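What you see is a predicted model; the values in this text were computed from it and never measured.
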Amino acid sequence: MKTNLPVTESGGGQVRLRLDIAYDGTEFTGWAAQEGFRTVAGVLEESLSTVFRTQLRVFGAGRTDTGVHASGQVAHLDVPADALTHAYPRQPRPDEPEFRPLVRRLARFLPEDVRVREIVRAPAGFDARFSALRRHYAYRLSLAPYGVEPQLARYVTPWNKPLDIEAMATASRHLLGLNDFAAFCRHRPGATTIRDLQRLDWVRETAGRSEATRGATGDLVTAYVSADAFCWSMVRSLVGALLAVGEGRREPSWCATLLSAESRSSDFAAAPARGLTLTGVDYPADDQLAARIGVTRDLRTLPKP
């Protein structure tokens, strides 16, 4: 059934939509579409193109790596205005959001390990990647002697060595702020490795216990990491370096010395992908979206001493 929904164009007869997305990254070769590989963007583009009856491309806020999960990924796509009519089996009810019927329909096309949780018309100037102020990740570890609870096994990394969480917290503070994180990033030609790391906290709790009863001796350890942006493999590398501190193989001050490196360090291994989840993306007010794109696209440099 075709409808006569109002259309807000983003230019050239296109309507820009914002998608809020969650996925289990275990069976995906990362976010970015790649020929011959199962990726999150590839699966989304296939389903959305089928629903809208035209070839579409999805742009994500964060290009998560192979095996990395998301509970708060954000993406956008541009849909021809006349293609919107193909996506609606019926008009939304007066008491529900405009694109709720589309969310329900997509649920039938998408595999169970990726869900589009919400769709809205994007405000003018919105770009899922370049408008973002910051991204938030959580990295989860289990120190339990038996490993990980079965229902969490795909999202938590088992760690069978004791960790000094206080030492890891101390080392984390050395890394905060605007720095060159080349030691923690896989090289990309022409890409900067300067990032503003705004949060790197460690929380220890007992899985399944309420917030009020969590203690400091639990088996579940979570790193909460936030930055304006992340380069390739940066979060897992940060966690890997801090695990070396937690195991006593390095002093907390060692992490600060890594900030002077000009290339990826081989002194530590990146933590396994399974424990990492993209939990959210922050954006400025609608009237600041376009300006934020300009700031993000500028090549960052460190201030002179």
Side-chain angles (χ1 to χ4, degrees), residues 1-10 12-123 126-129 132 135 151 154-155 273-274 276-281 283:
M1 172 181 172
K2 295 187 178 181
T3 65
N4 297 314
L5 293 170
V7 171
T8 302
E9 295 191 0
S10 61
Q14 303 284 312
V15 179
R16 178 158 294 187
L17 303 179
R18 168 178 166 158
L19 281 62
D20 288 82
I21 303 162
Y23 49 86
D24 178 337
T26 307
E27 305 298 332
F28 287 107
T29 310
W31 165 268
Q34 302 177 60
E35 187 69 30
F37 293 91
R38 185 176 187 261
T39 68
V40 181
V43 166
L44 286 167
E45 289 172 358
E46 180 180 359
S47 296
L48 287 160
S49 297
T50 299
V51 168
F52 284 106
R53 303 183 191 176
T54 187
Q55 192 63 42
L56 298 172
R57 188 176 179 192
V58 177
F59 299 88
R63 298 178 180 179
T64 52
D65 295 337
T66 298
V68 176
H69 319 290
S71 59
Q73 175 71 282
V74 179
H76 78 258
L77 76 159
D78 293 326
V79 181
D82 57 2
L84 284 178
T85 59
H86 299 310
Y88 285 85
R90 64 167 179 81
Q91 290 188 6
R93 295 189 301 267
D95 61 340
E96 70 178 358
E98 174 187 355
F99 290 97
R100 185 61 55 78
L102 176 57
V103 170
R104 291 195 186 96
R105 190 175 184 201
L106 272 174
R108 300 198 300 269
F109 282 86
L110 290 168
E112 290 186 346
D113 52 359
V114 58
R115 298 284 94 182
V116 175
R117 301 168 65 183
E118 186 177 10
I119 302 174
V120 297
R121 293 176 186 267
F126 178 82
D127 183 291
R129 178 183 177 191
R135 286 88 170 162
Q151 64 270 33
R154 292 165 74 96
Y155 316 109
R274 67 191 281 188
L276 184 58
T277 300
L278 172 61
T279 59
V281 185
Y283 292 93

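Counting heavy atoms from C-beta outward, R104 and E96 have side chains that approach closer than 4.5 Å. By the 4.5 Å heavy-atom criterion applied to side chains, F37 and T66 are not counted as neighbours. Between I21 and R115 the shortest side-chain heavy-atom distance does not fall below 4.5 Å. At a threshold of 4.5 Å between non-hydrogen side-chain atoms, the residues R129 and R135 count as touching. Looking at heavy atoms from C-beta onward, D65 lies out of side-chain contact with W31 at the 4.5 angstrom threshold. Taking 4.5 Å as the limit, some side-chain heavy atom of L17 sits within range of a side-chain heavy atom of F52. For the pair P123/R16, no side-chain contact is recorded, criterion being any heavy-atom separation below 4.5 Å from C-beta on.
The structure places CG of L106 at 9.5 Å from OG1 of T50, a figure rounded to the nearest 0.5 Å. Atoms OG1 and CG, on T54 and L84 in that order, are 11.0 Å from each other to the nearest 0.5 Å. Of the inter-residue distances, the one linking R154 atom CZ with T26 atom OG1 reads 4.0 Å to the nearest 0.5 angstrom. Atom CD of residue Q14 and atom CG of residue L77 lie 9.5 Å apart, to the nearest 0.5 angstrom.
Listed by chain and residue number, D20 satisfy the salt bridge (Lys or Arg N to Asp or Glu O under 4.0 Å) test with R18 (two or more places apart in sequence, or in another chain).
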**OP:** Let me see the working for L278 and H69 under side chain to side chain contact (heavy atoms under 4.5 Å, CB included), right down to the final yes or no.
**Re:** CA-CA 6 Å; L278 172 61; H69 319 290; over 6 Å; no
**OP:** Kindly determine whether R105 and V51 satisfy side chain to side chain contact (heavy atoms under 4.5 Å, CB included), including the steps that lead there.
**Re:** CA-CA 8 Å; R105 190 175 184 201; V51 168; 3.9 Å; yes
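Residue-environment remark: CD (Q151) exceeds the threshold of 12 foreign heavy atoms within 6.0 Å. Remark: F109 CZ is packed, more than 12 non-hydrogen atoms of other residues, nucleotides or ligands lying under 6.0 Å away. Other residues, nucleotides and ligands place more than 12 heavy atoms under 6.0 Å from the CD atom of E45.
The two residues G60 and A128 have their closest heavy-atom pair at C-CB, 4.3 Å. Smallest separation of non-hydrogen atoms from A22 and S71: CB-CA, 4.0 Å. Closest of all the heavy-atom pairs between F99 and I119 is CB-O, 3.4 Å. Residues V281 and G72 share a closest heavy-atom pair of CG2-O, 3.8 Å. Closest approach of T29 and Q34 over heavy atoms only: O-NE2, 3.2 Å. The heavy-atom pair separating F28 from V43 by the smallest distance is CE2-CG2, 3.7 Å.
Remark: the Y23 side chain and the T64 side chain contain an N/O donor-acceptor pair separated by less than 3.5 Å.
For residues 29-43, every residue pair satisfying the salt bridge (Lys or Arg N to Asp or Glu O under 4.0 Å) rule, not counting sequence neighbours, is listed here: R38-D113. Among residue pairs with one or both ends in residues 54-63, none qualify as salt bridge (Lys or Arg N to Asp or Glu O under 4.0 Å); sequence neighbours excluded.
Of the possible polar contacts, none joining the E118 side chain to the L19 backbone as a donor-acceptor pair under 3.5 Å is found.
Screening L56, T39, L110 for a side-chain contact (heavy atoms from CB on, under 4.5 Å) with L44, the sole residue that qualifies is L110.
Taking the six-membered ring for Trp and thresholds of 30 and 60 degrees, H76 and F59 have nearly parallel ring planes, at less than 30 degrees apart.
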